[in-house]
Amino acid sequence: MQLYQEQKLKVTNSLTGKKEEFKPIKEGYVGMYVCGPTVYSNVHLGNCRTFMSFDMIFRYLKHLGYKVRYVRNITDAGHLENDADDGEDKIAKKAKLEQLEPMEVVQRYTVDFHETLQKFNLLAPSIEPTATGHIIEQIEIIKEILKKGYAYEVNGSVYFDVVTFNKSNDYGKLSGRKLEDMIANTRELTAQNDKKNPQDFALWKKAEPQHIMRWPSPWGDGFPGWHLECTAMSTKYLGETFDIHGGGMDLKFPHHECEIAQAEACNGESPVNYWLHANMLTLNGKKMSKSTGNNIYPSEMFSGDNHILSKPFAPSVVRFFMLQAHYTSILDLSDEALIASEKGYQKLMDALKIVEDLPVSTTSDFDWSSWKQSCYDAMNDDFNTPVLIAQLFEAVKQINSLKEEKSKISEEDKSLVVDTLHNFVFDVLGLQAQQNANNAQTETLEGIMSLLIDIRNNARANKDFATSDKIRDELTALGIQLNDGKDGTSFSIK
RNA sequence: GGCAUCGUGGCCGAGUGGCUAGGCACAGCUCUGCAAAAGCUUGUACAGCGGUUCGAAUCCGCUCGAUGCCUCCA
């Protein structure tokens, strides 16, 4: 019996705008595709939030016992700068600026991307395919769409014919747009265009002679359009119809809308059962933007080398902070909010450290079984991590009360609590305990600390408070906090 | 200009018709040699205006504001 058979998961489906019970196509298996980064610059914090949200979803699905194939692509072919220019793509442009080969840029920022996500403790996806590795598959899809009559070729480029597609299908169903409205509200762009209609989008773009990234195709040398790689790779690895497609809210239109159109044009069926969209991250109430300076990179947060925050924040703290908000809500990042999260995170971790040493009784004063179910209820309700965390703090409260011997817990309940906390905190939320130094150093530190605590307690017994306070205050200054409890003194590193 | 989402106590952030969210901060108490840590107690908050309802933060309308998309974007 797998957990998913007893825990009923509901997810917010962007396609219907409703919370729906999650039922995979094949019982026990989940196929999930998430739009990955374009690797032409350092990954930014908003990106991290999106990928972290889907990491949490991936982790919970696995925890429920599903066998998950999680595909997250790397966009390394470069998207068009815009429709009006001569087709120079982002990666090629950056390469010229920095005097690098395009694939050198790709490599550099792919490495940065992986390193940053590792710091945030994201699991690697099952497959991480690249756009440049799937040019052939993309060309095959274009051929098929052309054959079905939903695309046309002009001057070595191929465009998707949105108007024709809309006659038999519903273009705009994901983002709640109507093609007629879009046509009515089209901005007049002066640039000349091969497209029959401004709403049409490129499947294949002809490469100008100076364009570096180029591949041969039936329509001449060129490169694939912006939306095609996701259709090609999701179809290849997950099938024509799969369970979950995720990405940032900003990709809903046009990117995901176009993916639906391409897949429906090519395969005749809707590609995805559940569309999940993660919401944006703002900084001090405003959107992050490099041009206004309202922006911060993950590495700058970790090092404290920035003008926005008062101190450095550990990746785990930032992860905890982000999971305190629901993934479908806009989250605002600020110094105050991070400091509050840091303290809460510390409190949670402290409780996790002491839980295993709690004394046991024959009975419990608290209904731990229903507490455990309430943790699942939170996650089953569209991955409601803030409510889960509230439940975890309920446990923290109980644990601290048990430590003070103000309440009782049975042996059986204690192992339930330990297991459940570990499952949710480490496996599902993906939080990490404070990185301790290596074991030898830890032992040395513990030896020194027990000596100091001993000396201090002797001084206290002799009412030599000058000595005891000196020890305490100077340790505090070093970031070591002494905790005087009923059964002696312990220490924690802040 | 169009489309969409949202506006919750000092701060962050759940909740979506009647029943405690939670974290941080603040105050009081317990503990302590004094603290810290921990525990306990305390907050009539739901942008504004109007409507529906026995009852609305929660539904509807309008106003104001924010964010996202409409152009590459997580």
Side-chain angles (χ1 to χ4, degrees), chain A residues 14 17 34-38 40-41 43-54 75 78-85 89-90 172 175-178 181-182 184-187 189 198-199 226 246-255 257 277-282 285-288 320-321 324-326 328-348 350-351 354 378 381 384-394 396-401 403-404 406-407 460-461 463-465 468-469 472-473 476 481-486 489-492:
Chain A
S14 305
V34 172
C35 293
T38 303
Y40 67 89
S41 67
V43 63
H44 83 85
L45 205 55
N47 269 294
C48 293
R49 183 188 180 204
T50 296
F51 298 132
M52 194 184 291
S53 297
F54 288 102
T75 297
H79 285 171
L80 290 166
E81 193 73 17
N82 61 48
D83 259 338
D85 72 7
D89 82 30
K90 274 191 171 173
S175 53
R177 285 158 211 253
K178 287 192 168 59
D181 295 346
M182 283 189 260
N185 287 309
T186 301
R187 286 192 205 165
L189 293 173
Q199 277 66 42
W226 335 327
M249 201 69 119
D250 50 348
L251 293 183
K252 206 169 175 182
F253 188 88
H255 183 59
E257 202 71 73
H277 285 99
N279 219 138
M280 303 291 109
L281 181 72
T282 56
K286 298 212 171 95
K287 78 164 185 171
M288 291 206 216
F320 179 73
F321 164 75
Q324 271 185 301
H326 191 84
T328 57
S329 296
I330 293 173
L331 171 64
D332 186 48
L333 186 135
S334 65
D335 199 44
E336 264 188 311
L338 279 169
I339 288 170
S341 284
E342 187 172 47
K343 290 191 180 164
Y345 171 77
Q346 201 58 250
K347 188 172 167 181
L348 177 62
D350 287 347
I354 63 167
D381 185 14
N384 199 327
T385 52
V387 171
L388 169 65
I389 289 170
Q391 290 304 324
L392 297 179
F393 276 108
E394 179 60 43
V396 169
K397 199 173 171 183
Q398 296 297 330
I399 289 165
N400 284 324
S401 160
K403 184 195 166 199
E404 304 275 313
K406 285 180 178 164
S407 53
R460 289 172 74 199
K463 299 205 189 298
D464 177 8
F465 297 124
S468 67
D469 287 356
R472 183 179 69 197
D473 295 345
T476 305
Q481 178 186 278
L482 294 178
N483 305 316
D484 293 326
K486 273 211 158 72
T489 303
S490 63
F491 73 97
S492 46

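Naming convention: chains lettered A, B, ... in sequence-line order (proteins, then strands); numbering from 1 in each chain. Worth knowing before you read on, the calculation uses all heavy atoms, side chains too, and leaves out hydrogens, waters and symmetry mates.
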J.: Name the closest nucleotide to the A:Asp484 side chain, picking from B:C34, B:C24, B:C70.
T.: B:C34
J.: Could you give the CG-to-P distance, from A:Asn384 to B:U16, as a whole number of Å?
T.: 9 Å
J.: Rounded off to whole Å, could you give me the CZ-to-C1' distance for the A:Arg49 and B:G68 pair?
T.: 13 Å
J.: How long is the line joining CD of A:Gln324 and P of B:A14, in whole Å?
T.: 10 Å
J.: Considering every strand and a 4.0 Å limit on heavy-atom distances, what is the contact class for A:Ala278: base, sugar-phosphate, or nothing?
T.: nothing
J.: Pick base, sugar-phosphate or nothing for A:Lys178, based on heavy-atom distances below 4.0 Å to the nucleic acid.
T.: nothing
J.: Please work out if A:Leu331 contacts a base, only the sugar-phosphate, or nothing of the nucleic acid, heavy-atom cut-off 4.0 Å.
T.: sugar-phosphate
J.: What is the distance, rounded to the nearest whole Å, between atom NE2 of A:His326 and atom C1' of B:U16?
T.: 13 Å
J.: Rounding to the closest angstrom, what is the interatomic distance between B:A38 and B:C73 at atom P?
T.: 46 Å
J.: May I ask you to test the A:Asn384-A:His326 pair for a side-chain heavy-atom distance under 4.5 Å?
T.: yes
J.: Identify which nucleotide among B:C12, B:A35, B:U67 has an atom closest to any side-chain atom of A:Ile330, counting heavy atoms from C-beta outward.
T.: B:U67
J.: Measuring only the C1' atom in each nucleotide, how far is B:U32 from B:C26? A whole number of Å is fine.
T.: 22 Å
J.: Nearest to the side chain of A:Asn400, heavy atoms from C-beta on, is which of B:A14, B:G33, B:G39?
T.: B:G39
J.: Indicate, with a heavy-atom threshold strictly under 4.0 Å, whether A:Asp350 touches base, sugar-phosphate, or nothing.
T.: nothing
J.: Return the 5'-most residue of the pair A:Phe320, A:Gln481 with respect to RNA chain B, ranking by each residue's nearest nucleotide.
T.: A:Phe320
J.: Could you check which of B:A21, B:A37, B:C11 has an atom nearest any side-chain atom of A:Ala390?
T.: B:A21
J.: Is A:Lys343 touching bases, backbone alone, or none of the nucleic acid, heavy atoms closer than 4.0 Å?
T.: sugar-phosphate
J.: Between P on B:G68 and CE on A:Met280, what's the gap in Å once rounded to a whole number?
T.: 9 Å
J.: Just to be sure I understand the rule, does A:Gly36 reach a base, reach only the sugar-phosphate, or reach nothing, if contact means heavy atoms closer than 4.0 Å?
T.: sugar-phosphate
J.: Taking all non-hydrogen atoms of both residues, which atom of A:Gln324 and which atom of A:Ser341 are closest, and how far apart?
T.: OE1-OG, 2.6 Å
J.: Contact class for A:Leu281 vs. all strands (heavy atom < 4.0 Å): base, sugar-phosphate, or nothing?
T.: base
J.: Stepwise, does the salt bridge (charged side-chain N to carboxylate O under 4.0 Å, His left out) test hold for A:Asp250 with A:Lys287?
T.: CA-CA 12 Å; A:Asp250 50 348; A:Lys287 78 164 185 171; over 6 Å; no
J.: Using only atom types and a distance under 3.5 Å, with no angle test, would you say the side chain of A:Ser401 pairs donor to acceptor with the backbone of A:Lys397?
T.: no
J.: Using the six-membered ring wherever Trp is involved, compare the ring planes of A:Phe393 and A:Phe320 and label them parallel, tilted or perpendicular (cut-offs 30° and 60°).
T.: perpendicular
J.: Between B:C12 atom C1' and A:Leu333 atom CG, what is the distance in whole Å?
T.: 10 Å
J.: Is there aromatic stacking of A:Phe393 on B:G23 here, judged by a ring-centre distance under 5.5 Å and a plane angle under 30°?
T.: no
J.: Checking contacts here: which listed nucleotide (B:C70, B:C12, B:A74) is nearest the side-chain heavy atoms of A:Phe51?
T.: B:A74
J.: Ignoring hydrogens and geometry beyond distance, is a side-chain donor-acceptor pair present between A:Gln346 and A:Glu342 at under 3.5 Å?
T.: no
J.: With rounding to the closest Å, how many angstrom separate the C1' atoms on B:C70 and B:G22?
T.: 37 Å
J.: Would you indicate which nucleotide in B:C69, B:C12, B:A14 comes nearest to any side-chain atom of A:Asp250?
T.: B:C69
J.: Judged by each residue's nearest nucleotide on RNA chain B, which is more toward the 5′ side, A:Arg460 or A:Val396?
T.: A:Arg460
J.: How long is the gap from NZ on A:Lys252 to CZ on A:Arg177, to the nearest 0.5 Å?
T.: 9.0 Å
J.: Check every strand shown and say whether A:Lys347 touches a base, only sugar-phosphate, or nothing at a heavy-atom separation below 4.0 Å.
T.: sugar-phosphate
J.: Can you tell me how far C1' of B:U71 sits from CD of A:Glu257, to the nearest Å?
T.: 16 Å
J.: Whole-Å distance between B:C3 C1' and A:Gln199 CD?
T.: 13 Å
J.: From the set B:A74, B:A14, B:C34, return the single nucleotide nearest to any side-chain atom of A:Val387.
T.: B:A14
J.: Indicate, with a heavy-atom threshold strictly under 4.0 Å, whether A:His44 touches base, sugar-phosphate, or nothing.
T.: base
J.: Can a donor-acceptor pair under 3.5 Å be found between the side-chain atoms of A:Arg472 and the base atoms of B:A35?
T.: yes
J.: Pick base, sugar-phosphate or nothing for A:Ser329, based on heavy-atom distances below 4.0 Å to the nucleic acid.
T.: sugar-phosphate
J.: Using a 4.0 Å heavy-atom cut-off, does A:Gly176 contact any base of the nucleic acid, only the sugar-phosphate backbone, or nothing at all?
T.: sugar-phosphate
J.: What base-paired stems does RNA chain B take part in, with at least 3 consecutive Watson-Crick or G-U wobble pairs and both distances under 3.5 Å?
T.: B:1-7 with B:64-70, B:10-12 with B:22-24, B:27-30 with B:38-41, B:47-51 with B:59-63
J.: How would you label the contact of A:Phe465 with the nucleic acid (heavy atoms, under 4.0 Å): base, sugar-phosphate, or nothing?
T.: base
J.: Please determine whether a side-chain nitrogen or oxygen atom of A:Thr38 lies at a distance below 4.0 Å from atom OP1 or OP2 of B:A74.
T.: yes
J.: Evaluate the salt bridge (charged side-chain N to carboxylate O under 4.0 Å, His left out) criterion for residues A:Lys347 and A:Asp350: first the C-alpha distance (whole Å), next the side-chain angles of each, then the deciding distance (0.1 Å), finally the verdict.
T.: CA-CA 5 Å; A:Lys347 188 172 167 181; A:Asp350 287 347; over 6 Å; no
J.: With hydrogens left out and only the distance checked, is there a donor-acceptor pair under 3.5 Å joining A:Asp473's side chain and the base of B:A35?
T.: no
J.: Heavy atoms only: give me the nearest A:Ala378-A:Leu388 pair and the separation to one decimal.
T.: CB-N, 3.5 Å
J.: Out of B:C12, B:U71, B:G68, which nucleotide sits closest to the side chain of A:Trp226?
T.: B:U71
J.: Can you identify which nucleotide, out of B:A21, B:U71, B:C11, has its nearest atom closest to the A:Pro386 side chain?
T.: B:A21
J.: Side chain of A:Lys397 only, heavy atoms from C-beta on: which candidate in B:A74, B:C40, B:C12 is closest?
T.: B:C40
J.: Any idea which heavy atoms bring A:Phe321 and A:Ala337 closest together, and the distance?
T.: CE1-CB, 3.6 Å
